[in-house]
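Only heavy atoms go into these numbers, but all of them, side chains included; no hydrogens, no water, no symmetry mates.
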Amino acid sequence: VLLNSVTLLLGSAISYMLARKTLRPIEEAMAAQDRFIADASHELRTPLTGLLLDNEVTLRKKSLTAKDVRMAMERNVQGLTKLKDLSDTLLDLVARQQKNAPRTVVSVEQIVRSAVSQVAPMANKKHITFVQNIANNTLTIDEAKLTKLLVILYDNAIKYSKPHTTVTLSSESVGSDILLTVHDQGIGMSHEEKEHIFDRLYRADASRSHGDGYGLGLAIARKLAHDLNGSIAVQSEPGHGSTFTVRLPRS
């Protein structure tokens, strides 16, 4: 009887542990989905509240001139444009969590050229110059994801750089990996900021929060690097720019 009881208890314990191991990925996925919904709700609510208040203030005016109406409409267009950008970013994050595109052999130079073309208009507005020190490397990789990753890093570098500065991208081979490094001459960040810069919805100090970002770009960059079986890290000092390094396997 004692042996049967011990066997029953041991079997129950093993079954419980196996069940927990099986359910853990499902629980983590559900928790991630809940966080995403909460993040999206929070980020959408903020600009919507601003638009609502702006319109209410405008409508409270006893007499509206054509200039008042035009200014209100311009602010609305700006706010709606930011909302569209935010919704596109959120949808892009969801899509990339669900999609696994085929991997092809591409040159690093080709991907960099594609990424630069997408951010060139923003760089031109601030008279920011691109410098490229790229080795003749190829990767077997999801080209779209890597291009998006570099676009995010370029976008971040341009956003927090002063006008008439440079953004440098370098590549080098380290064993079986390729290192891609994006360096800017921007405002930099503190040690505490570096600890959280890849967290979703995190924007560092006030000088960074005044940008047009929503705290999602670098979180998506980390997710993309992970999807590509790589990693991403940052080195930075306040006032001395930032350097983001992506390590990727050749295949």
Side-chain angles (χ1 to χ4, degrees), residues 92-93 96-97 99-120 122-123 128-162 165-200 202 204 208 213 215-251:
D92 185 59
L93 178 57
R96 292 182 187 280
Q97 287 175 339
K99 182 174 67 174
N100 287 313
R103 300 185 174 215
T104 56
V105 178
V106 294
S107 70
V108 173
E109 183 180 4
Q110 173 185 334
I111 293 177
V112 170
R113 186 164 57 245
S114 176
V116 168
S117 68
Q118 294 184 44
V119 298
M122 187 195 314
I128 290 175
T129 304
F130 295 109
V131 177
Q132 298 173 16
N133 300 314
I134 303 171
N136 186 23
N137 300 131
T138 59
L139 291 165
T140 303
I141 206 161
D142 182 334
E143 183 178 355
K145 284 188 176 181
L146 181 53
T147 303
K148 178 63 176 179
L149 172 54
L150 291 182
V151 167
I152 290 172
L153 295 183
Y154 271 138
D155 178 88
N156 186 76
I158 295 167
K159 189 177 297 177
Y160 298 116
S161 291
K162 295 179 181 178
T165 56
T166 61
V167 173
T168 304
L169 186 135
S170 304
S171 72
E172 63 174 314
S173 298
V174 179
S176 60
D177 296 336
I178 298 291
L179 295 187
L180 300 176
T181 303
V182 177
H183 173 72
D184 64 61
Q185 299 175 313
I187 61 177
M189 63 189 85
S190 67
H191 175 74
E192 180 182 0
E193 291 162 354
K194 285 187 292 184
E195 292 293 313
H196 300 283
I197 199 66
F198 294 109
D199 293 346
R200 190 181 293 170
Y202 180 80
R208 298 185 76 85
L216 288 166
L218 290 177
I220 296 175
R222 181 175 62 177
K223 177 66 169 60
L224 291 172
H226 182 267
D227 289 348
L228 297 171
N229 298 321
S231 62
I232 185 170
V234 62
Q235 292 181 329
S236 183
E237 296 292 337
H240 295 282
S242 300
T243 301
F244 288 87
T245 301
V246 179
R247 178 184 286 266
L248 298 167
R250 285 181 178 273
S251 61

Practice task
Give a yes-or-no answer on whether the side chains of Asn133 and Thr168 include a donor-acceptor pair shorter than 3.5 Å.
Solution key: no
Practice task
Test side chain to side chain contact (heavy atoms under 4.5 Å, CB included) on Leu218 and Val234 and set out the steps.
Solution key: CA-CA 11 Å; Leu218 290 177; Val234 62; over 6 Å; no
Problem - Residue pair Asp155 / Val119: nearest heavy atoms and the distance that separates them - result: N-CG1, 4.3 Å
Problem - Donor-acceptor pair, side chain of Ser170 and main chain of Thr181, under 3.5 angstrom - result: no
Completion exercise
What one should report as the nearest heavy-atom pair of Phe130 and Ala120 is CE1-CA, 4.5 Å
Completion exercise
Separation between CD1 (Ile141) and CD1 (Ile178), nearest 0.5 Å, reads 9.5 Å
Exercise for the section: Test Leu179 against Leu248 for side chain to side chain contact (heavy atoms under 4.5 Å, CB included), laying out the working first. Expected result: CA-CA 6 Å; Leu179 295 187; Leu248 298 167; over 6 Å; no
Practice task
Find out whether His191 and Glu195 are in side-chain contact, i.e. whether some heavy atom of one side chain is under 4.5 Å from a heavy atom of the other.
Solution key: yes
Practice task
Kindly compute the distance separating NZ (Lys148) from OG (Ser114), expressed to the nearest 0.5 Å.
Solution key: 11.5 Å
Practice task
Any chance you could measure Leu180, atom CG, to Asn137, atom CG, to the nearest 0.5 Å?
Solution key: 8.5 Å
Practice task
Would you give the length of the straight line joining atom OG1 of Thr104 to atom CG of Leu139, rounded to the nearest 0.5 angstrom?
Solution key: 10.0 Å
Exercise for the section: Assess whether side chain to side chain contact (heavy atoms under 4.5 Å, CB included) is satisfied between Glu109 and Asn136, documenting all intermediate values. Expected result: CA-CA 7 Å; Glu109 183 180 4; Asn136 186 23; 5.5 Å; no
Problem - Note, Tyr160 side chain near Asp184 side chain (heavy atom, < 4.5 Å) - result: no
Handout entry: Distance-minimising heavy-atom pair for Val182 and Ala157
Key = CG1-CB, 4.4 Å
Problem - Separation between CZ of Arg113 and OG1 of Thr147, rounded to the nearest 0.5 Å - result: 11.0 Å
Completion exercise
Note: Gly188 and Glu193 closest approach over all heavy atoms is O-OE1, 4.4 Å
Practice task
Give the C-alpha distance, both sets of side-chain angles, the deciding distance and a yes or no for side chain to side chain contact (heavy atoms under 4.5 Å, CB included) between Asp227 and Asp142.
Solution key: CA-CA 9 Å; Asp227 289 348; Asp142 182 334; over 6 Å; no
Exercise for the section: Spell out, as yes or no, whether a donor-acceptor pair under 3.5 Å connects the side chain of Gln185 to the backbone of Thr166. Expected result: yes
Exercise for the section: Flag the pair Leu228 / Val246 as yes when at least one side-chain heavy-atom distance between them is below 4.5 Å, and no otherwise. Expected result: no
Practice task
Work out which heavy atom in His240 is nearest to a heavy atom in His183; give both atom names and the distance.
Solution key: O-CE1, 4.4 Å
Handout entry: Heavy-atom side-chain proximity of Val116 to Leu169 below 4.5 angstrom
Key = no
Completion exercise
Taken to the nearest 0.5 Å, the spacing of Gln110 CD from Thr138 OG1 works out to 11.0 Å
Problem - Side chain Ser236, main chain Gly241, donor-acceptor under 3.5 Å - result: yes
